[in-house]
Every structure is written in structure tokens, then in C-alpha cells.
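Each chain gets a letter, A, B and so on, in the order its sequence line appears, and its residues count up from 1. These values consider heavy atoms only, across backbone and side chains, with no hydrogens, waters or symmetry-generated copies.
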Amino acid sequence: MISSISIQGYRSFDHFEMPDLGRINLLVGTNNSGKTSILEAVSILESSGDIFRLWNILWKRGERTYKVFPQAASTPPRAVAEADVVHIFHGHELHPGTHFSISAKNVAPQKTVKFEIRELGPSEKIDGQIIEEGDEASPLPRLVLDIVSTPSPAPLPSVLLSKTGGISSNNIRARQPQLERPIQFISTESSSVEEIMGAWSQISLKPEEQLVLQALRSLDKDIEAIALQARTQQQYWGPGSRGGFMVKLKSSKQPVPIGSMGDGIWRMLALSMAIALSKGGTLLVDEIDTGLHYTVMSKMWNLIYTAAKEFDVQVFATTHSYDCVYSLAQICPDADPQNKITVQRIEAGSAQPIPYDQDELTVAAAREIEVR
Amino acid sequence: MGLRHGFSKILIVEGVDDKHSVIGLMRSHIVWPEQKSGWPIYIDLGNSVDEILNPAFLSTQIKEAGVITVGIMLDADTNPAGRYQSIKNTCSRFLFPMPETLPAEGAIAQNLGGMKFGVWMMPDNSSQGYLETFLRYLVPDREAPIWKHAVESAESARKLGAQCPEKDIPKSNLYTWLSWQDPPGQQPGLALTRHILDPKSPYAEPFVKWFRALYEL
């Protein structure tokens, strides 16, 4: 587990330190205080600067474009996806020397990931990097993104940026995702059918399936079982479909499509599978209260805390909801010191968060003290 | 969303009598609307002194979002210096420049972040005693013979076997005297509001001054 993280130059954070982290860390604060950026930073750090992870982060933020390249006559133009890199650097500008770094300080040697921009050397060639098609010789040198992770077994290959400062999907296609420890990132958007089905295929018929079922039953005691039934192509991908997941309810003879059961169930499905899949690693959940009524949040936190301890998962989540913080505080009196629970209030422009430990959260809940 | 929503200034006291006494006293000196939502500060009740002196309790109050001023009003009881040191230690991490010992006018400190923290120990920041020790001096001068009678009556009752503990004698005296007022047996807070206890007494001035300086009212 990371016990202390330092962020320099990533997005809105110039210098930011967050010490005294625990098993569960709930980030609160006003809109735009940087809560999601912190989740991203943890993700980048724990993945040792994996370029695919960065790509996903930029994609989810909408920091992407499609570049259209005309083809030979009678061939339709080709669209290539490109993720914009500029906004992850504090100051929103790309120059040689622009960099950010993220460190975990509790480990020795200290673990750090550094992203830095430099110029492409005059006769430098980077393996696997495609210079943009239709690219005339440009008077400006091209920029390269160097990713350095320490300690690291091997240096990561540099990434050539497009002339507009993007990472082209062409240039990462040949890479292999590097992942030493599992990291699951649940964003605010509803999980896609593909994501859920992909996760399900790793869990089905394994002990972890029980955790998922238990999680769904905490929302609706009527649920007895969940299964994936073969459906036609139409039914998988049709609007509003949920991939053929069926749920057996005690009260009904016929299985019910999971889509009939509301967004909370889908969200809890995603969340519980994510915890099961992040054993020994990290779970990141943006706006963890999404789709969940306040009456089920205590059950959700109990589930997450128990599973996190059992599976050795470190959890970082964000929320705006008072009930979400309050429910987490309810499990604090019984939390053990080896598996701390913290709430961190992130204040825009401040170099450190305002932390709350489990004793303080217990007081805050009892007295309705506003920690957000 | 809690009851404290929207309040940036907090006073922590031990019990309801303390709370209503503060309100009853201060409303003769500053504007204090009837409706709770219009109150100039939020008054929080600690369940016990031990709870108030618990570091997690104080730190959570100080760290509350949007709060800029936190004050504590406690009985000195038998060890005012000890209680003050305990509070001072808990607050040290918030870098309030607290005075070494509690001054007669009460403690007020402001840290570099702009937050203010204050401490008042009833009755006068140095003597042993309680809220009731303080309130005794707000009994109007014209009531002196009746007050004397209250003290003597309470003592007679103890001689007859009344169970009031030694340390609670000031409280017993005050409530005895209050039982003979019009209306009989009202709470000290109401007695202050109705000027049966005198909120403008010179004895109350140091506390009023401390309160107004801390909360800038």
C-alpha cells in the first residue's frame, strides 16, 4: 500500500503531498479541486507510467481528437485517434523540459514516475514510432515524451508526439501493456457492456463470484443468482441492453434481464467485480456514491472494507455526497489500525489536503461536522 | 447536511446550561435572533469534559469545512491549568500561538492560515469553579439579602442530610435562589434573558469582551 504520495506538476497540482494514507482513502472537496486528477496520478504511479493507462485517462477526459488522413483516390480517408497530452502538464503548455512526476514515499527506494518532454534528436529514430503521414519537413523540431519509472527493470521506450502534441494510436499500437500489479479504475461514466463482460469472464465460476453476488444482494435481497445467457448480436448491443446478464429473483419464476433492475445494480456489479479483480493492487473509483441510495452505502462500504482487507487492495475513491462520507464514518469505530480509513479534503490551490483519520471521522459523523 | 451547515464560527460548551447562559448573557450585548438559523455562532454541546478534551474531538471541529473560528468554554473544575495545557497540546499541530498559561482575559490565538481559536474557563480563567461560580456574581446587588438567605438555607439543608456534594455547592446556591424568583425555578439562561440575573454586571465584562473579540461581533 502507498502510505504517502507526492505529485509535482500534474494537471492542477504544482506541488502536492498527501501523507498518512490508509487502506481506504475517500477524497472529498469542491468541484474542480482535483480529486479525479489524484486518482489518475495514483493510477499512473502504480502502473509505473504505462502508456496505455495514460491513453485511457486522456480518452475518458475527452482529451482526444481524430486526425483524418486522405488516402489514394477511391479509398475513404483514414481516421486515426490521437490523445492530447498537453493538459496533463501543469501550465497547459508543451516545451522541452516540461515535466511532471509522481512519487510514493513510503517505499525504499522511493518509487517515482516522471513524464518529460524533450526534442527529437536530429538523426534520432525511435523504434516503432510512425512519423505522421502527409508530414512535410517541419522547421520546428518534433517533441518526444520520455517516461522514466524508478526503480525499474528497464527504461521505457520514448513516445514521439504528433505535430499537435498528441499521442497517436499508431504509435502505441505496437506496445505491450506493462502491469505489475492490478489496477482497476471505475470512472463516473456507466461501465460499458464490454468492460462488464470482460470482467465477468474472469470471475465467473470462481470464488470471487460469491463476492459479486453478496454485493448485489446488499442492494436487493431478492437476488438469488446472476448468470450470462447467450443472446443474439442484436440483443447484446442494442440500446439499453446490458449484455445478456440475467438475474434470478426469489419472487419470480423467470430470470430477469439485469437492465430491468436499475442503474444501482449495474454500478454495484462493476464495483464488486473491480474489487475482486484488483487483488494485491489498487482500486480507484470516481464518485463512488453514483447510482446508490444512501441506505445501501453503509453496506457498500462494509463490503469494500472487508474485501479490501481480505484481498489486499488499496482503495482510493471520490465523492460529493454527505451520505457517502457519513456511511464510511459508520464503519470507523470498528476499523483496525493496520487497515486505516482516511478522508482527505482536497482544496484547490493548497499543497496538502486536510486529512481525517478514523477517530475524527467518528466524531464528525456523531456531530454532523462537515468534512467535505 | 447537518445542523451546523453554514456556520463558520463555533463555540464548544459542556452542557445545555452553559449554552443557554451564553445566549442569555450575550443577547444583551450583541444581536442574537430567536431563530437558530440566524444565530451569530453555532454552539456545540460536548457530552462530557473528557470528550471535549479528546484530541480527535477538537481536531475534527477545527478542521471542519468552512469554519474559521473555534472557541471552547469549560468549567475550570479543580484543575484549570491542567485542562488548559491539555487543550493547548491538542491545538499545537494547528499552529495557534497559544499563551503559555491562560490569561485572566481568556485566550485568543490566530494562526497564519487565518483561523482563530479561543479558550475560556469558568469562572475567571484562574480560579477553580464552575459556570455557577461565575453566575453568582450576576445576582443583582438588591438581591443580596435573598442570596444570603439562599446560601444559608442550602447549608441548613445539607446539615439535615441533603445529599448535595461539596463541589456542587455553588450550583445548589444558585438554583435555590432561582427557585424563589418570578417565575420560580427558571434556568439560568432564561434568568439572564429576563434580567433576573444581570447580564450587564461589570463582573461579566471580561467574558463578554473575550467573546466579542474572538468572534468579531
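Between the side chain of B/Lys63 and the backbone N or O of A/Pro355, at least one donor-acceptor pair lies under 3.5 Å. For A/Arg367 (side chain) and B/Gln61 (main-chain N/O), no donor-acceptor pair under 3.5 Å exists by modelled atom type.
Within a 6.0 Å radius of CG in A/Asn32, no more than 12 heavy atoms belonging to other residues, nucleotides or ligands are found.
Contacts of B/Ile10 with chain A are absent, with no heavy-atom separation under 4.5 Å from either backbone or side chain. Only the side chain of A/Ile354 comes within less than 4.5 Å of a heavy atom in chain B; its backbone stays farther off.
The OG1 atom of B/Thr60 lies 7.5 Å from the CG atom of A/Asp357; values are rounded to the nearest 0.5 Å.
Inter-residue side-chain proximity for B/Arg4 and A/Ile369 is flagged as met; some heavy-atom pair is nearer than 4.5 Å. Taking the side chain as every heavy atom from C-beta outward, A/Glu360 and B/Phe57 never approach each other to under 4.5 Å.
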